[in-house]
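On a predicted model such as this, the values are computed, not experimentally measured, just so you know.
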Amino acid sequence: MKKGILAILMLLTIATDTSKVDAQETEWKLVFSDEFNQPNGSQPDAGKWNRTKPGTSPWNRWISSNSNDVVYVKNGKLICRAIPNRSNKKEMLTGAIDTKGKFSFQYGKVEVRMKTNMKVGNFPAAWMVPVPGIDKRYGEIDIVEMFGNQGKSAHTVHTHRSFTLKKEGLERERKIDLNVKKWHVYGVEWDKNLIVWTVDGREVFRYHRSETRQMQDEGQWTFDRPFYLILNQSVGNGSHQLLIPNLKTTYETQFDWIRVYQKK
């Protein structure tokens, strides 16, 4: 009799666990992905990605939008590099891609599998910024960044309050010890009140919408609009610790895949 009862309990437990898995699988719908399975040496899918244009910020000051040496696909991975350059005023050439004008989303879950090197001056990232023209207030969700040879992953938000008004007081970043030279899956889950960061499926940080009216008026939460994706390999300019690059070396970050889900 006892054996029979135990068998029934085991079956009920299995059924319950299976139903949980099924619920998780049906909760999300894949709305964007890239496995970077193009032929070796090719550029990423132009239907999904742009080659990011250079700018004046530390992360994009040396971007090349046309060099195939800093952005290309190899062995099912997107390769983004920063390489020495002696042909013009840019001291290095760096690579980045984005989905601006091709894909954006408001609320959902993003996961990206990537690895990088740990050289002084290294500054790669997978991140999101708002589609322009909807709301002029600043907003930025950094899925993950790496800084030099720290051996840490950084998970950050920037808002109108923090970026434009320079007001702090809220925790906006969490760094965790991690061997970033190995493959890891970095994720963000984002809704109208909360952003949660994960590494290999484990929660590492969360950022809430404030209920305080003053905070709201100051732009503490500027994430209720569509964002697009950026993947890049940059180098620092000395504005962060250990971010002065070696102009004679090559920096490289590999992206295995990226996937975006939204709730059904």
Side-chain angles (χ1 to χ4, degrees), residues 52 55-61 96 98 104-110 112 114 116 118 120-178 180 184 186-199 202-245:
T52 303
T56 58
S57 298
W59 77 274
N60 62 11
R61 71 195 189 282
D98 63 68
S104 62
F105 69 107
Q106 181 173 334
Y107 312 139
K109 179 169 68 174
V110 187
V112 55
M114 59 183 280
T116 191
M118 285 176 59
V120 173
N122 193 30
F123 187 28
W127 51 303
M128 303 187 290
V129 292
V131 172
I134 298 175
D135 185 337
K136 293 183 179 180
R137 297 177 303 167
Y138 193 78
E140 177 180 327
I141 302 172
D142 297 327
I143 303 167
V144 65
E145 297 175 288
M146 287 83 170
F147 298 96
N149 61 351
Q150 291 182 351
K152 297 177 182 290
S153 63
H155 313 274
T156 315
V157 290
H158 299 284
T159 68
H160 180 79
R161 183 178 188 273
S162 65
F163 188 86
T164 307
L165 302 183
K166 307 299 182 185
K167 290 191 175 184
E168 298 298 337
L170 296 174
E171 185 180 12
R172 299 181 297 100
E173 180 182 67
R174 182 73 52 83
K175 291 184 178 180
I176 65 169
D177 294 328
L178 195 69
V180 298
H184 295 284
Y186 303 96
V188 159
E189 189 172 330
W190 156 45
D191 63 28
K192 64 181 181 179
N193 292 309
L194 177 67
I195 303 172
V196 176
W197 286 258
T198 60
V199 176
R202 178 176 63 89
E203 180 180 328
V204 296
F205 184 46
R206 55 176 51 204
Y207 182 82
H208 292 267
R209 178 198 291 268
S210 174
E211 296 181 355
T212 304
R213 180 59 183 269
Q214 181 179 347
M215 288 277 198
Q216 295 175 4
D217 291 344
E218 291 174 344
Q220 174 269 338
W221 181 272
T222 47
F223 307 113
D224 296 326
R225 47 184 161 158
F227 278 56
Y228 65 90
L229 302 164
I230 304 173
L231 305 176
N232 70 280
Q233 170 66 71
S234 300
V235 290
N237 66 347
S239 61
H240 292 80
Q241 184 183 12
L242 304 177
L243 280 186
I244 299 175

Return the CZ to CD distance between Arg213 and Gln220, rounded to the nearest 0.5 Å.
13.5 Å
Taking everything shown except Gln214 itself, do over 12 heavy atoms lie less than 6.0 Å from its CD?
no
Answer yes or no: is there a donor N or O on one side and an acceptor on the other, between the side chain of Lys136 and the main chain of Gly133, under 3.5 Å?
no
Pairwise distance CH2(Trp197) to OG1(Thr156) - rounded to 0.5 angstrom:
7.5 Å
Stepwise side chain to side chain contact (heavy atoms under 4.5 Å, CB included) test for Met114 and Val144
CA-CA 10 Å; Met114 59 183 280; Val144 65; 3.6 Å; yes
Flag side-chain contact, heavy atom, 4.5 Å: Val188 against Ile195
yes
Using side-chain heavy atoms (C-beta onward) and a distance below 4.5 Å, is Val110 in contact with Tyr186?
no
For Trp127, all residues meeting ring-ring contact (aromatic ring centres under 6.0 Å, His included), sequence neighbours excluded:
Trp59
Scanning both residues in full, the closest heavy-atom pair of Thr56 with Asn60 reads N-OD1, 3.3 Å
With rounding to the nearest 0.5 angstrom, report the CZ to CE distance, Arg209 to Met215.
13.5 Å
Enter the distance from Ile176:CD1 to His184:NE2 here, rounded to the nearest 0.5 Å.
8.0 Å
Do Glu218 and Thr164 make a side-chain contact, defined as non-hydrogen atoms from C-beta onward lying under 4.5 Å apart?
no
Using the rule given for side chain to side chain contact (heavy atoms under 4.5 Å, CB included), can you reason through His160 versus Leu165, listing the C-alpha separation, both sets of side-chain angles and the distance that settles it, and then say yes or no?
CA-CA 7 Å; His160 180 79; Leu165 302 183; 4.1 Å; yes
Without swapping roles, check the side chain of His155 against the backbone of Ile143 for a donor-acceptor pair under 3.5 Å.
yes
Calculate, to the nearest 0.5 Å, the distance between atoms OG1 and CD1 belonging to Thr159 and Ile141 respectively.
11.0 Å
Side chains of Asp177 and Gln150: any donor to acceptor distance under 3.5 Å?
no
Please test Leu194 against Arg206 for side chain to side chain contact (heavy atoms under 4.5 Å, CB included), starting from the C-alpha separation and ending with a verdict.
CA-CA 7 Å; Leu194 177 67; Arg206 55 176 51 204; 3.8 Å; yes
Could you walk me through whether Trp221 and Val157 pass the side chain to side chain contact (heavy atoms under 4.5 Å, CB included) test, one step at a time?
CA-CA 10 Å; Trp221 181 272; Val157 290; over 6 Å; no
Sequence neighbours left out, what passes salt bridge (charged side-chain N to carboxylate O under 4.0 Å, His left out) with Glu173? Give chain and number order.
none
Quickly, which of Pro58, Ser57, Pro245 forms a side chain to side chain contact (heavy atoms under 4.5 Å, CB included) with Asn237? Name it, please.
Pro58
Non-hydrogen atoms of Ser104 and Val131 that approach each other most closely
CB-CG2, 3.5 Å
Residues two or more places apart in sequence or in another chain: which of them pass salt bridge (charged side-chain N to carboxylate O under 4.0 Å, His left out) with Glu211?
none
Where is the tightest heavy-atom contact between Ile244 and Gly238, given as atom of each residue plus distance?
CG1-CA, 3.6 Å
Between Phe147 and Phe123, is the ring-ring contact (aromatic ring centres under 6.0 Å, His included) condition met? List the steps.
CA-CA 5 Å; Phe147 298 96; Phe123 187 28; 5.5 Å; yes
I want to check something: taking the side chain as every heavy atom from C-beta on, are Arg161 and Arg172 in contact at a cut-off of under 4.5 Å?
no
Any non-hydrogen side-chain atom of Met146 less than 4.5 Å from a side-chain atom of Leu178?
no
Nearest 0.5 Å, please: how far is CG in Asp135 from CZ in Phe223?
11.0 Å
Minimum heavy-atom distance Trp190-Met128, with the two atoms named:
CE3-CE, 4.4 Å
If you count every heavy atom of other residues, nucleotides or ligands that lies below 6.0 Å from Lys192 atom NZ, does the total exceed 12?
no
For Asn232 and Thr52, test the side chains for any donor-to-acceptor distance below 3.5 angstrom and give the result as yes or no.
no
For His158 and Thr222, the nearest pair of non-hydrogen atoms, with its separation, is O-OG1, 4.4 Å
For Val180 and Lys152, the nearest pair of non-hydrogen atoms, with its separation, is CG1-O, 3.7 Å
